[in-house]
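This report refers to the structure that appears directly beneath it.
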Amino acid sequence: MSDNVIPRSYVQWRNCIEVRCHIRLTSTYIRERLAELQDDKHAKTRDFARLYGIDHLERTIAWFRRAADEMTKDRK
């Protein structure tokens with residue numbers, strides 16, 4: 001990833017979450033973040049949208065969904 005802090009792809013996002021931030025993408029973490037990010041009344045979600053824009057919020061939600069889907073496929 002370049003010096004740009006905001007990820008532009010799923011791969012960059014996963015690297016940012018797991019490597020740079022040392023956050024494990026567990027099913028619980030993914031579920032909780034998705035619930036928060038999809039709640040447009042949640043203060044953190046409103047702050048996220050204000051800081052990074054709606055497009056990036058939607059990309060981030062999609063990336064969390066993809067991570068959840070991959071986790072489900074890995075269990076089969």
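The first residue in the sequence is number 1, and the count goes up from there.
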Practice item. Write down the atom of Arg14, the atom of Ala67, and the distance for their closest heavy-atom approach. Key: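 What the structure gives for the nearest pair is NH1-CB, 4.0 Å.
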Practice item. Indicate the atoms forming the closest heavy-atom contact of Cys16 with Val5, along with that distance. Key: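 It is SG-O, 4.5 Å.
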Please say yes or no: joined through hydrophobic side-chain contacts below 4.5 Å, possibly via intermediate residues, are [X] and [Y] part of one cluster?
X: Leu51; Y: Ile61; result: yes
X: Tyr10; Y: Ile23; result: yes
X: Tyr52; Y: Leu57; result: yes

As an exercise, state the distance from [atom1] of [X] to [atom2] of [Y], rounded to the nearest 0.5 Å.
X: Glu36; Y: Leu34; atom1: CD; atom2: CG; answer: 10.0 Å
X: Thr26; Y: Glu32; atom1: OG1; atom2: CD; answer: 7.5 Å
X: Glu58; Y: Leu37; atom1: CD; atom2: CG; answer: 11.5 Å
X: Thr60; Y: Gln38; atom1: OG1; atom2: CD; answer: 11.5 Å

Check your understanding: In chain order, what residues pass the salt bridge (charged side-chain N to carboxylate O under 4.0 Å, His left out) check against Asp47, with sequence neighbours excluded?
Key ->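 Residues passing salt bridge (charged side-chain N to carboxylate O under 4.0 Å, His left out) with Asp47: Arg50.
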Review point. Parallel, tilted or perpendicular for Tyr29 and Phe64, by the 30°/60° rule?
Key: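 Judged by the thresholds at 30° and 60°, the geometry between Tyr29 and Phe64 is tilted.
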Point to revise | Heavy-atom check, side chain of Trp63 versus side chain of Ile17, under 4.5 Å | key: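 Trp63 vs Ile17: side chains apart.
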